[in-house]
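All values below were derived from every heavy atom in this structure, side-chain atoms included, with hydrogens, water molecules and symmetry-related copies excluded. Given the structure is predicted, the values throughout are model-derived calculations rather than measurements. Letters A, B, ... mirror the listed sequences (proteins, then strands); counts begin at 1.
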Number of protein chains: 2
Amino acid sequence: MKYNEAKDKFIHTWGTLGSSWGISRTMAQVHALLLISPDPLSTEEVMEELKISRGNCNMTIRDLMDWGLVFKELKAGERREFFRAEKDIWKVAKQIIKERRKREIEPVLGILEDLKKMEGNKGDKKHKALVDAVTNIESVVEKADFALDRAIKLDENALVGALFKLFK
Amino acid sequence: MKYNEAKDKFIHTWGTLGSSWGISRTMAQVHALLLISPDPLSTEEVMEELKISRGNCNMTIRDLMDWGLVFKELKAGERREFFRAEKDIWKVAKQIIKERRKREIEPVLGILEDLKKMEGNKGDKKHKALVDAVTNIESVVEKADFALDRAIKLDENALVGALFKLFK
DNA sequence: AATATCTTTCAATTTATTTTGAAAGTTCAG
DNA sequence: CTGAACTTTCAAAATAAATTGAAAGATATT
């Protein structure tokens, strides 16, 4: 396999993986491209490499910046903006966990808390089944949330070392 | 909030959460409905409750069974099939982790392994950046995979207890 | 073996998401 | 201030994904 083939396969694989995890294909591909670029790229270069439009490229890069995965880089004497991705994958993983926790887990916990306050006959089978499900989900989600919160505060080696000891 | 309102909100919340994690809204909603049903439901009942078509209902339930989240239940003297969901959320979480590991992580590890074998000039900046990224991702994914593999072999209390001790 | 009941399939349709590209907006050098 | 270089926006178009429903396929019942 030649470099160009490997590069395309990498970008393609990352894109496919992204779309099965709720990230748009293009967003994952731009991220992949920046991940393997030794130097920061301009909007123009990303557009050309991935054959996507200016508007799409701009919005995708903005999204990646919102996620804290890509950063603006200014080059001395250059008018245009360049972008680089965080290359340390453990940092990338931590950042994704942090954002998804904030965007998805926290709001759901709030809603579940409300649902438990439902009025009605506590003896009713259906009522009980709903409260049970909510209570059970809340408990698992809170524990997972706790674990993730701690995980992102450790560095990769500390975490993996600890887990290894724990599970051996 | 009345029971019916709470039920709808629960189903809606689960559906929304599902779609941001690569699961179709309907699949998550059917799962939610079965989660809070004290008794198994027939295809007909699910169709009616969620206002979805027969075909959609059938395929969605089949997918949920493929994921190991929903099971057929036969009622004595009844011709039609009934379905129930696993109610223990920790088991549900383990099952989802197990399936996603098999469906998504394992194939990606294989592809990454191939990519590292790329031919070409090892001194080239671009070549090196790609190999570095792949190596780095592989290392993080393998460690996460290892941790998840162990996690699904523990029960909820053992895992949470261990994590708590670990992180305190 | 004919009928009734229930399940599955899949082409057509609908709905949702992503992408485009031209126009408007911004910024900066001269 | 003006114009060139670059960025952002967003309505329309293209694409992808989910859904429908009628027909075909099973399977049990009489």
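- Between T26(B) and dT19(D) there is a side-chain polar atom (N or O) within less than 4.0 angstrom of OP1 or OP2.
- Interface remark: the R79(B) side chain does not form any donor-acceptor pair with the dA28(D) base, using a distance-only criterion of under 3.5 Å.
- In the interface, the side chain of R54(B) is not paired with the base of dT8(C) through any donor and acceptor atom under 3.5 Å apart.
- The backbone N or O of K9(A) lies less than 3.5 Å from a partner atom in the side chain of T13(A), making a donor-acceptor pair.
- Judged purely by atom type and a 3.5 angstrom limit, E119(B) uses its side chain to pair as donor or acceptor with the backbone of M1(A).
- Following rounding to the nearest Å, E81(B) (CD) and dT5(C) (P) show an atom-to-atom distance of 17 Å.
- S20(A) places a side-chain N or O within 3.5 Å of a backbone atom of L17(A) that can act as its donor or acceptor partner.
- Counting only heavy atoms from C-beta on, S53(B) has its side chain closest to dG21(D) among dT19(C), dT7(D), dG21(D).
- One interatomic measurement links the two molecules: CG of N56(B) to P of dT13(C), which rounds to 18 Å at whole-angstrom precision.
- Between M59(B) atom CE and dA17(D) atom P there is a gap of 15 Å when expressed in whole angstrom units.
- One interatomic measurement links the two molecules: CG of D66(A) to P of dT8(D), which rounds to 11 Å at whole-angstrom precision.
- Distance R80(A) CZ to dA29(C) P: 15 Å, rounded to the nearest Å.
- The closest donor-acceptor contact from the side chain of S37(B) to the backbone of P40(B) lies at 3.5 Å or more, if one exists at all.
- L74(A) places its CG atom 10 Å from the P atom of dT7(D), with the value rounded to the nearest Å.
- Nearer to the 5' terminus of DNA chain D, by closest-nucleotide assignment, is the contact made by F83(A) (compared with the other of S19(A) and F83(A)).
- Rounded to a whole Å, the CD1 atom of I23(B) is 19 Å from the P atom of dA16(C).
- One atom, CG of D63(A), and another, P of dT18(C), lie 10 Å apart when rounded to the nearest Å.
- Among the atoms of the strands shown, none is found under 4.0 Å from any heavy atom of E44(B).
- Counting non-hydrogen atoms of neighbouring residues, nucleotides and ligands closer than 6.0 angstrom, the CD atom of E99(B) exceeds 12 such neighbours.
- Within the structure, a side-chain polar atom (N or O) of R62(A) is placed less than 4.0 Å from OP1 or OP2 of dT9(D).
- OP1 or OP2 of dT7(D) has not a single side-chain nitrogen or oxygen of N58(A) nearer than 4.0 Å.
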